[in-house]
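Before any comments, here is the structure.
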Amino acid sequence: MKLVAKPAVYNLKTNDTAVIFLSEEHDNELDNQIIPDLSFIKKRADLSSFKGKSSEVMFIPLKSFPNIIIIGLGKEDKITKEALRENASVVVSVCKKRNIPKVHIVLPVIKDVDELDVLSGIAEGLSLSNYAFDKYKSSKDEDEVSMKKIQEAWFYCVKTDEAAKVLKEIEIVSENTNLCKDLINESSEVSNPVAIARLAKKFTKIKGITCRVYGKSDIEKLKMGLLLAVSKGSTYPPQLVVLKYNGNPKSKKKIAVVGKGITYDSGGMNLKPSASIEDMRSDMAGAASCLYAVRVAAQLKLKKNIIAVIPLCENMLSNKSYRAGDVFTAYNGKNVEVGNTDAEGRLILADAVAYTEKVLKPDYIVDIATLTGACLICFGEIIAALLSNNDALADMIFNSGEATGEKVWRLPLDKDYEELIKSDIADVKNTGQGRNAGTIVGATFIKKFIKDVAWAHIDIAGTSWFSKARGYKPKYATGYGVRLFIELFKMIDN
Ligand code: BES
Ligand code: ZN
Ligand code: ZN
């Protein structure tokens, strides 16, 4: 969607659609709206029944005047940026239903919230919710309302120069977040390990990005025994993508993000049952968020050095599959007993983080993964689990979550949990005991492959994939992580 900043003085045409946002205290607010052209609303429309409750909506079609969409924002002193994103998504649902391709947004004046924050909240909510994965819908039926997206949104505001900059950035971030959703929603036959590696290579067209893809024989030479083991049952070879954006060549500092890229998780020999398997094409959501976070960083020309390390493969069931009870040797030489072939994410991440720390030597490693069903049990689809060996890094990730609405909550990583992953026959086992502390056990396993770099692990089993739409986040892939990472990159000093 094109986002355009316009000065407050203009002429709305009669077939335009204007959007105004009103809080519960809207009586006096209507006079505060910066555009005199809308004075007709007071005369023509009866707003007495409009309460201004959050997500309340009123569509007013008018003859010889622009059409009006009015959206409630709730109590004025409770209006946050996240509330603005949520309420902006209501505009999109009205426009989709009524096939309105272009909207004229009048920014509300909100006490104690800067105009540019109001602008960015609304613009982000609009562009992120203006999304549908509809490429496999062949009918162009009138009822297929999801196909009609808003093409353009104009924002009337005072600070137009600064607003144009903000909108450009939001366009880049939202477009990439939406592309990230596409990659995750795609069939796993299409978003397969080789195709995703090829996509990463294409990102090198953007200035500052370089990419190296390691194929199966390279991975064998690197001795990544865990990534090789997990990939054994698949017809696709494993891939390891190292995508770099060098935005600050003068600095030696760098941050690495490592994303779980299981393009389909059948569970392998420990095959998943029917109800748990259908959505497992989303098991590369961590990988997708890393890829697109790097793309955004480069397009925004952030002065930061960022590396994405992405192990990609399928976890399939075949006569070549790796087996529970067997032992494989990781990149760092540790021998790992496979307690369950469905705990595959931690295996490929173990090889990837050990390689990242040893060879790429970043200042921080943040891995992101759809790692455990236990995370979904604990936090539902609302908040991601965060585990870290470094308080400063954990705090920055927490603050990024609060700023973007991609929330995290920290769980402990006490050394005492290590007893759960002891193996009788090898150095470590990839499963714990029973179902206890599942998310912590997953993180504790990965921790064993970190030496002394500042590291954090984000479990997005719940937040990356929604069973229903919520506000500006759609059903299925949410693109969780792209905006969280961009905020974190900005925060990190390098
Ligand atoms: N990809 C799954 C985790 C998952 C579950 C993601 C539900 C999204 C929704 C992961 O590979 C897995 O299967 N984990 C097992 C680990 C267990 C065998 C120790 C799990 O959580 O059940
Ligand atoms: Zn699994
Ligand atoms: Zn998995």
Side-chain angles (χ1 to χ4, degrees), residues 54-55 74 78 80-83 85-87 89-90 93 124-125 128-129 131 133 177 180-181 184-185 259-260 262 265 267 272-289 342-343 345-346 349 366-388 394 397-413 417 432 434-444 446 456-485 487-488:
S54 185
S55 79
K78 297 254 156 53
T80 58
K81 201 163 172 184
E82 183 70 353
R85 290 187 196 106
E86 302 274 342
N87 283 309
S89 75
V90 181
S93 51
E124 204 167 34
L128 288 171
S129 55
Y131 172 82
F133 184 69
T177 306
C180 176
K181 295 173 197 168
I184 301 165
N185 281 325
K260 172 177 172 183
I262 295 290
D265 182 11
K272 284 183 184 293
S274 292
S276 327
I277 205 168
E278 299 83 359
D279 296 334
M280 280 302 138
R281 66 179 186 284
S282 68
D283 214 19
M284 36 57 82
S289 70
D342 199 9
R346 63 198 72 181
L349 286 172
V366 183
D367 80 70
I368 183 164
T370 46
L371 206 76
T372 62
C375 181
L376 200 49
I377 305 281
C378 182
F379 292 113
E381 296 173 346
I382 311 298
I383 297 182
L386 168 70
L387 299 101
S388 179
I397 296 172
F398 177 80
N399 292 334
S400 309
E402 294 300 300
T404 54
E406 296 190 334
K407 293 193 179 201
V408 299
W409 195 259
R410 194 170 173 188
L411 293 177
L413 253 188
Y417 285 105
R435 302 192 321 170
N436 287 0
T439 301
I440 300 175
V441 165
T444 302
I446 300 171
H457 162 71
I458 306 173
D459 193 332
I460 57 168
T463 54
S464 61
W465 187 262
F466 274 8
S467 54
K468 62 166 198 182
R470 289 185 184 89
Y472 63 94
K473 293 168 186 164
K475 188 175 178 177
Y476 299 144
T478 60
Y480 181 104
V482 178
R483 292 183 305 118
L484 180 76
F485 277 147
E487 198 63 29
L488 176 68

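Residue numbers start at 1 and run along the sequence shown.
Side-chain atoms of Ile440 and Leu387, non-hydrogen and from C-beta on, do get closer than 4.5 Å to each other. The shortest distance between side-chain heavy atoms of Trp465 and Thr370 does not fall below 4.5 Å. Side-chain atoms of Lys181 and Pro474, non-hydrogen and from C-beta on, do get closer than 4.5 Å to each other. Looking at heavy atoms from C-beta onward, Ser282 lies out of side-chain contact with Tyr476 at the 4.5 angstrom threshold. Side-chain contact check for Glu487 versus Glu406: every heavy-atom pair is 4.5 Å or farther apart. In this structure, the side chains of Arg435 and Ile377 stay at 4.5 Å or more apart for every pair of heavy atoms. Ser388 has its side chain out of reach of Leu413: every pair of non-hydrogen atoms, C-beta onward, lies at least 4.5 Å apart. At least one side-chain heavy atom of Ile458 sits under 4.5 Å from a side-chain heavy atom of Leu484.
The 12-atom threshold is exceeded at CZ of Phe133, counting heavy atoms of other residues, nucleotides or ligands nearer than 6.0 Å. The environment of Lys272 atom NZ is dense: over 12 non-hydrogen atoms of other residues, nucleotides or ligands sit within 6.0 angstrom.
No donor-acceptor pair under 3.5 Å is formed between the side chain of Asp459 and the backbone N or O of Ala385. The backbone N or O of Gly286 sits nowhere less than 3.5 Å from a side-chain atom of Tyr480 that would complete a donor-acceptor pair. Remark: the backbone N or O of Gly259 is not paired with any side-chain donor or acceptor of Asp367 at under 3.5 angstrom. Arg346 places no side-chain N or O within donor-acceptor distance of the main-chain N or O of Ala443, the cut-off being under 3.5 Å.
Contact record, Arg410 with Ala394: NH1-CB, 3.5 Å, taken as the closest heavy-atom pair. Counting all heavy atoms, side chain and backbone alike, Ala461 lies closest to Ser464 at O-OG, 4.1 Å. Nearest heavy-atom pair, Ile184 versus Ala288, reported as atom, atom and distance to 0.1 Å: CG1-CB, 3.7 Å. Across all their heavy atoms, Gly438 and Ala374 have their closest contact at CA-CB, 3.8 Å.
Under the salt bridge (charged side-chain N to carboxylate O under 4.0 Å, His left out) criterion, Glu381 pairs with Arg470, not counting sequence neighbours.
A distance of 9.5 Å separates CG of Asn185 from OG1 of Thr478, quoted to the nearest 0.5 Å. From Asn87, atom CG reaches atom OH of Tyr472 across 12.0 Å, with rounding to the nearest 0.5 Å. Rounding to the nearest 0.5 Å gives a distance of 4.0 Å between CD1 of Ile368 and CD1 of Ile460. To the nearest 0.5 Å, atom CG of residue Leu376 and atom OG1 of residue Thr439 are 9.0 Å apart.
Of the candidates Val366, Leu386, Leu371, Leu371 is the only one forming a side chain to side chain contact (heavy atoms under 4.5 Å, CB included) with His457.
Using a 4.0 Å cut-off between charged nitrogen and carboxylate oxygen, Asp283 and Lys260 count as a salt-bridge pair.
Remark: Lys473 fails to qualify as a cation-pi partner of Phe466 under the 6.0 Å distance and 45° angle criteria applied to the six-membered ring.
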